[in-house]
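The structure under discussion appears below in the form of structure tokens.
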Number of protein chains: 2
Amino acid sequence: MTQLETASAGKVSKEMRQAAKQEPVNAEQLRKLIKKGHAVIPANSRHKGLKPIAIGRGLKTKINANLGTSPLKASLKLELKKMEVAIKFGADTVMDLSIGGNVDAIRAEIIKKSTVPVGTVPLYQAFLGKEISEVSGDDLLGSIEKHCKSGVDFVTVHCGVTKRAIPLSRSRLGGVVSRGGSLLLRWIACNKKESPLYTNYDYILEMAKDLDVTLSLGDGMRPGCLKDATDKVQLHELRILGKLAERARNAGIQVIIEGPGHVPLNQIERNVRLQKKACGGAPFYVLGPLVTDIAPGYDHITSAIGGALAAFHGADFLCYVTPSEHLSLPDLNDVKEGVIASKIAAHAADIAKGIPHARDQDDRMSACRRNLDWKGMFGECIDADKARAYRKRSKIKSKECTMCGKLCALK
Amino acid sequence: MTQLETASAGKVSKEMRQAAKQEPVNAEQLRKLIKKGHAVIPANSRHKGLKPIAIGRGLKTKINANLGTSPLKASLKLELKKMEVAIKFGADTVMDLSIGGNVDAIRAEIIKKSTVPVGTVPLYQAFLGKEISEVSGDDLLGSIEKHCKSGVDFVTVHCGVTKRAIPLSRSRLGGVVSRGGSLLLRWIACNKKESPLYTNYDYILEMAKDLDVTLSLGDGMRPGCLKDATDKVQLHELRILGKLAERARNAGIQVIIEGPGHVPLNQIERNVRLQKKACGGAPFYVLGPLVTDIAPGYDHITSAIGGALAAFHGADFLCYVTPSEHLSLPDLNDVKEGVIASKIAAHAADIAKGIPHARDQDDRMSACRRNLDWKGMFGECIDADKARAYRKRSKIKSKECTMCGKLCALK
């Protein structure tokens, strides 16, 4: 039985009990959220050593870090190191988006070593090393089955990308920027057929069911720039995703919805409300959102602004964005910077939403600060090493810091 | 005549014409905003070479970068370099908060070299090298006069800090964290007298008037942690500042109001509304606000989140926060990181507020992105050098980047 079926049968699973421990709800309350489809526990029954977590309404905001090789840089060792850093700084899940090297082996190893849920985008693999015309519908569906069977906890499937998106996206300034969305549209155009991920959705549900893989319905039509935010093709896809989410829940499959992208600050609340309404309260998983297009090199900051506001208004799950977004594959330090920025956004939103005890660490920090208790402060820091290095750099012996020196307000 | 007096007399000054050029309003509209006290042009008539800018309602959000030596590190050369970097990356004003070395000479040189408005906090100097008990009321007022005469465009004066703040601030977790606020409370406690900046406010107005120095009414009682946000002592001071702002306007003196500090996301809009209401629509100058206390080393990010939201809700002027906040005096790189984060926040807010043409640069960037026109993209970047370095690092020869490689959505 999937977590959703278990919850619907009125039973509390071991995973619900474990996940509830770190939440402001108890296991029974979590069961009710899962039953309604307002929360999910992505936990493939083949993923050994997983510490289950829940994502959804009223729970702590979760963050995801994307990992993955590229054809130019395919080192399993580096990806495992990235995963270690991501989890150390607070990633609640990781996604393996590898498209270089032996992707099956890399995925297997990441799942084996990961204590947090692992997500993937199976369709990338179907297109690797092939021309669009060489990829069959079965290849696409087959990649999903393969990923489910390899122990992936949640899969992004762009089932809402349909033929209709082609004319609707023509007026866009930024075009189609989702890798999955773009591949599917090219497949549709090449084959002059509807997307097999849309026409074979029931079969995808079946594949997900066996091992309780959570479906993350991808937003292949997410806006890639501010001008395209909340446009007709994005909303068209969202309405389809809402219907697909309902079918998933009815089939006992846990489902979350992916969202933008590039969104101006003033449209973020509206985007969250639209998603919650269209998708029956399914958890919302946003990429950023980035609140300006002009800051490559700093998109961890532009997305922390958008992510904090999105989570405050009800987004449940933030995909990190690293400083290297739009420019190159992230390195180890980019992963760290991305996770920390995203964690700050999630934490700030949890405080603002009134999640019980969300501010406790802040209050402990503030008490240490008032007493100029540096050891105590470092103990409460999101990144104690960086804070310590700043303190050390100033070579000050006394208790105050070099900003105010003897004019320290707290002395 | 001050800008406010000129505006009230129905005249458009040269400074209004110059400042309006970069705004979505014309000179006459700007004159009306200044007349109402909803906008200011900080421009000391002794500051040669200043390019005037306006701060206030309906105008582009401005950002300030704090400079200044400390007793442990007092290099004029470094501060001038910091100013250059700050202006290069978009600081609209700088504040010289020097408390080390020859502060008069440093200030004079910064004003001489700065094309942007320069602000200071005169009272620091009155306390330098002295015990609290050695500082007279005349010393405090004298420091303001000295700074005005030296050509400073706006001065922070903590005139709203009164005796009453002492009992009101006792229940705080974070105490009093404003350097100026804390010094004044100590002076009040030591002298058992009301603050001379409060009792001699009319005299301060006179000093500001001669050279048209804009008063920035400091928030000495700003919260230093989330728990203290929007508390009674902060609001008590804000009400006083509202009355003082009115007296300034009535005397023909331009005035802006300083604000917090550490504020949870859900209280930011309320803080802006309270300020605008209490202070008759005077421009609001916020420090951050920081939306969590646990991220020293990353407070440029925590404050970019808060600053973007504050500006979106109507704050007019953001004081940057650097990664070294709470830890040490910023170095050159911290200044750069701080300015860029603050600029991102201001820019994102301007787009969200619907400032005409605010999104033009984003749209140009997005058009270049869609065409994989890297040269064009670098031309629209907030920091082209950093973006270029990321691109170069990936050693890719083809047009796509290493994130998606051949699966590039845009190719």
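All values below come from the heavy atoms of this structure, side chains included, with hydrogens, waters and symmetry mates left out. Within every chain, numbering begins at 1; the chains are lettered A, B, ... in the order of the sequence lines, protein sequences first and strands thereafter.
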Look at atom NZ of B:Lys353 and say whether more than 12 heavy atoms of other residues, nucleotides or ligands are closer to it than 6.0 Å.
yes
Against chain B, work out which of A:Ala367, A:Ser70, A:Ser324 has the most heavy-atom pairs shorter than 4.5 Å and name it.
A:Ser324
Relative to chain A, which of B:Leu183, B:Asp334, B:Ile351, B:Ile268 shows the most heavy atom pairs under 4.5 Å?
B:Asp334
B:Val176, part contacting chain A, at a heavy-atom distance under 4.5 Å
backbone
Per-residue tally against chain B (heavy atom, under 4.5 Å) across A:Pro264, A:Gly307, A:Pro296 peaks at A:Pro296
Show the nearest heavy-atom pair for residues A:Cys408 and B:Ser182, with the distance to one decimal.
O-OG, 4.4 Å
B:Lys392, NZ atom: more than 12 neighbouring heavy atoms under 6.0 Å:
no
How close do A:Arg393 and B:Asp331 get, counting heavy atoms only, and between which atoms?
NH1-OD2, 3.0 Å
Scored by heavy-atom pairs under 4.5 Å with chain B, the best of A:Thr302, A:Asn266, A:Asp363 is A:Asn266
Proximity breakdown for B:Tyr298 and chain A, heavy-atom pairs closer than 4.5 Å:
both
Minimum heavy-atom distance A:Cys225-B:Ser366, with the two atoms named
CB-OG, 2.9 Å
Relative to chain B, which segment of A:Leu128 carries a heavy atom at a distance below 4.5 Å: side chain, backbone, both, or neither?
side chain
So CD1 of B:Ile305 and CZ of A:Phe312: to nearest 0.5 Å the spacing works out to 13.0 Å
Strictly less than 4.5 Å between heavy atoms, which residues of residues 341-349 of chain A line up against chain B? Please order them by number.
A:Ala341, A:Ile344, A:Ala345, A:His347, A:Ala348, A:Ala349
Locate the shortest heavy-atom distance separating B:Glu380 from A:Ile294; write the atom from each residue and the value.
O-CB, 3.8 Å
Main-chain N/O of B:Arg172 paired with A:Arg370 side-chain donor or acceptor, under 3.5 Å:
yes
Greatest number of non-hydrogen atom pairs under 4.5 angstrom with chain B, of A:Arg359, A:Arg388, A:Met365, A:Glu337, falls to A:Arg359
I need the single residue from B:Val291, B:Leu226, B:Leu173 that forms a side-chain contact (heavy atoms from CB on, under 4.5 Å) with A:Asp362. Which is it?
B:Leu226
Could you check which of A:Leu290, A:Ile340, A:Leu185 has the highest count of heavy-atom pairs closer than 4.5 Å to chain B?
A:Ile340
Got a sec: does the NZ of A:Lys386 have more than 12 other heavy atoms crowding it under 6.0 Å?
yes
Side chain / backbone / both / neither for B:Thr69 at chain A, heavy atoms under 4.5 Å
neither
Please round to the nearest 0.5 Å and tell me the distance separating atom CZ of B:Arg364 and atom CG of A:Asp293.
12.0 Å
Can you tell which part of B:Arg186 gets under 4.5 Å to a heavy atom of chain A, answering side chain, backbone, both or neither?
side chain
Closest non-hydrogen atom pair, A:Arg369 against B:His262
NH1-CE1, 3.7 Å
Pairwise distance CG(A:Leu265) to CG(B:Leu309) - rounded to 0.5 angstrom:
7.0 Å
Minimum heavy-atom separation for A:Ile301 and B:Ala304, please, with both atom names.
CG2-CB, 3.9 Å
Top contributor to chain A contacts, counting heavy-atom pairs under 4.5 Å, from B:Ser178, B:Pro323, B:Ala389, B:Cys381:
B:Pro323
Between A:Ile382, A:Leu327, A:Thr292, A:Leu72, which shows the greatest number of heavy-atom pairs under 4.5 Å with chain B?
A:Leu327
For residues B:His326 and A:Tyr390, determine if any side-chain heavy atom of one lies less than 4.5 Å from a side-chain heavy atom of the other.
no
Considering only heavy atoms, which portion of B:Glu400 lies under 4.5 Å from any heavy atom of chain A: side chain, backbone, both, or neither?
neither
